[in-house]
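Since the structure comes first, as C-alpha cells, the remarks are kept for the end.
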Amino acid sequence: MYRAPRGTTDILPEEQAYWRYLEQKVAEITHLYGYERIDLPMFEDASLFTRGVGEGTDIVEKEMYVFQDRGGNSLALRPEGTASVCRAYLEHGMHSRPQPVKLYYIGPAFRYERPQAGRYRQHGHFGCEAIGEADASLDAEVIDMARQFFVRLGLGRFAVVINSIGCRQCRPAYLAVLKEHYRPHLQEVCEDCRMRYQKNPLRLLDCKSPACQPVADSAPKNPDYLCADCAVHYAELKRCLAVLDIPFQENLRLVRGFDYYTRTVFEVHPEAGGSQSSLGGGGRYDGLIEELGGRPTPAVGFATGMERIVLGLKREEVPVPQTPGPQLLIAHLGDAARDAAMKLAAALRRQGRAVLLSGGSRSLKAQLRQAGKLGVPLVAIIGEDEVRTGTVTLRDMTTSRQESVPVDRVAELVG
Ligand code: HAM
C-alpha cells in the first residue's frame, strides 16, 4: 500500500474548513496592509537559494530538495519564498514601481527536516515582503501585521520576540568577540557548535543542546556591538513598536537560520512553547537584492506556516466557520424515477442550489440512511407515483415528517 511520503500530509475534507479560514484571513490582512499577491514557481535554480539563503545554512546544506532536470539544470524545490520574491522583483524591474513594493505569497514550501508535530517536509507557507524602504517604521509595521494576523485568526496565546543582528559593517567585529568567548569552551559545546564556530558562528547562539546553554547565555550580546546606524535603527524599531502598543520581548540570542538577515530579526512564539514551534518569523534583509545582482535595496518581510497555525487554532479551540454541504438529497425508486431525479438535480444545480443525487438502485431505506450519515436535512423521494403526478415526497430528516409537493416548488422549499 502506498503512503504519503514521510513528512507530507493529506489535507482531508474534514480539515478543509481550517485552510479556507486561513486563506480568508490572509486575504483580509494583506488587503489591510496593502500587499498584492504574487504566485511564484514551486522550483527555482538551486543557486538562487545557495546565494540568497546562504551556503552554510542548515536549509541549504541539509534541507533543500535539489534535483537535476532532463536538461541538466540544477533546480531546488523552494524551501522558502523570500529569495524567489527578490528574484521576481529583479526579473520584472519592480524598482521602477512605487516603493516599497509589497508582495505576498501563499503555497507549499519544502524542507527535508526530521518530521514531528508542526514540522513537515512539505508545509503551507504564507509570506509577505516589503521591498524598497529602509525605515524602521516599516519593520514595526511588518511585526504589527504578523501580530494582527494571529489576532484576527482568534489566536491569543503568543509572544513577539525581537533582536538586532547588525549589518555587514558591524557584524564582523561582533563575530570576532563571539568566537573569542567560545574559544575556551570548544571542548564543552556540542559537535554542531564546533562546526558552527568554524562555518557560521552567529548560529552558535541558536543551539538548543543543554550542554551549550551556559556558554550561549553568557555570550556577548549582538545589540551591544552594533554600529551607530544599526543602533539607531534598533532603537527606532523599539520606539515604533511602543507607539503601536505592540507588546514584545527582546531575545538577544535570536539569530534565525538565514544568511540574508540584517538588523531586525523577529519571531512569533506560541505560549505553549517547544523549540520547533515558532508560528512565524521574519526580519530585514537589506543586502539580498544586491547579492542577487540588483542595486542596493532595503527590504523586510515575514512568513508563517499554515500547519502550525491550524495546530494553534485547535489548541486554543478557535471555532472556524464550516461551509454547509448540500441541503437536499434526491432519492429515487425505479428507472422512470431515476430519470426524473437526474433532471430535478440538474435543474436545481443550474439554479445554484447544491444537491446530492442518490446513486445506483438502492432501497429507499438505504438511501435515507445515506442521507442521515451525510447530515443532509431534506430528502426528495421520487417513485412511480411522483413521476406520474409531477410531484416529490419531501422528507424532513429531523422530524421524519413527509409532504407531497409539486416538483417545480422544490427549489423554493430547499432555499
Ligand atoms: P522561517 O522561520 O524559516 O522563515 O519560516 C517561516 C515559518 O514557516 C516558520 O515560523 C514556521 O511557522 C513555518 N515553517 C518553517 N519550516 C516548517 C516546517 N518544516 N514545517 C512546518 N512549518 C514550517 C522564512 O521562511 C523566511 N523566508 C521568512 C521571511 C520572509 N523573512 C523575511 N521575509
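These numbers were taken from a predicted model, which means no experiment stands behind them. First listed ligand is number 1; within each ligand, the first listed atom is number 1. Count residues from 1 along the sequence.
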Which residue owns the protein heavy atom closest to [atom], what's the atom, and how far is it?
atom                    : result
atom 10 (O) of ligand 1 : Ser278 OG, 2.9 Å
atom 19 (N) of ligand 1 : Glu113 OE2, 2.5 Å
atom 25 (O) of ligand 1 : Arg111 NH2, 3.1 Å
atom 14 (N) of ligand 1 : His123 NE2, 3.4 Å
atom 24 (C) of ligand 1 : Phe258 CZ, 3.4 Å

Quiz item: Out of curiosity, Asp144 CG to Leu244 CG, how far, rounded to the nearest 0.5 Å?
Solution: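 That separation rounds to 5.5 Å.
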
Quiz item: Does Gly127 reach ligand 1, in the sense of a heavy atom lying below 4.0 Å from it?
Solution: no

Practice problem: Let me know which of Phe150, Phe149, Phe248 forms a ring-ring contact (aromatic ring centres under 6.0 Å, His included) with Phe158. | Solution: Phe150

Of [options], which has the heavy atom at the shortest distance from [atom]?
atom                    : options                        : value
atom 1 (P) of ligand 1  : Arg256, Arg121, Glu80          : Arg256
atom 12 (O) of ligand 1 : Val268, Leu279, Val85, Val265  : Leu279
atom 20 (N) of ligand 1 : Tyr112, Tyr105, Tyr120, Tyr285 : Tyr120
atom 31 (N) of ligand 1 : Phe302, Tyr261, Phe266         : Tyr261

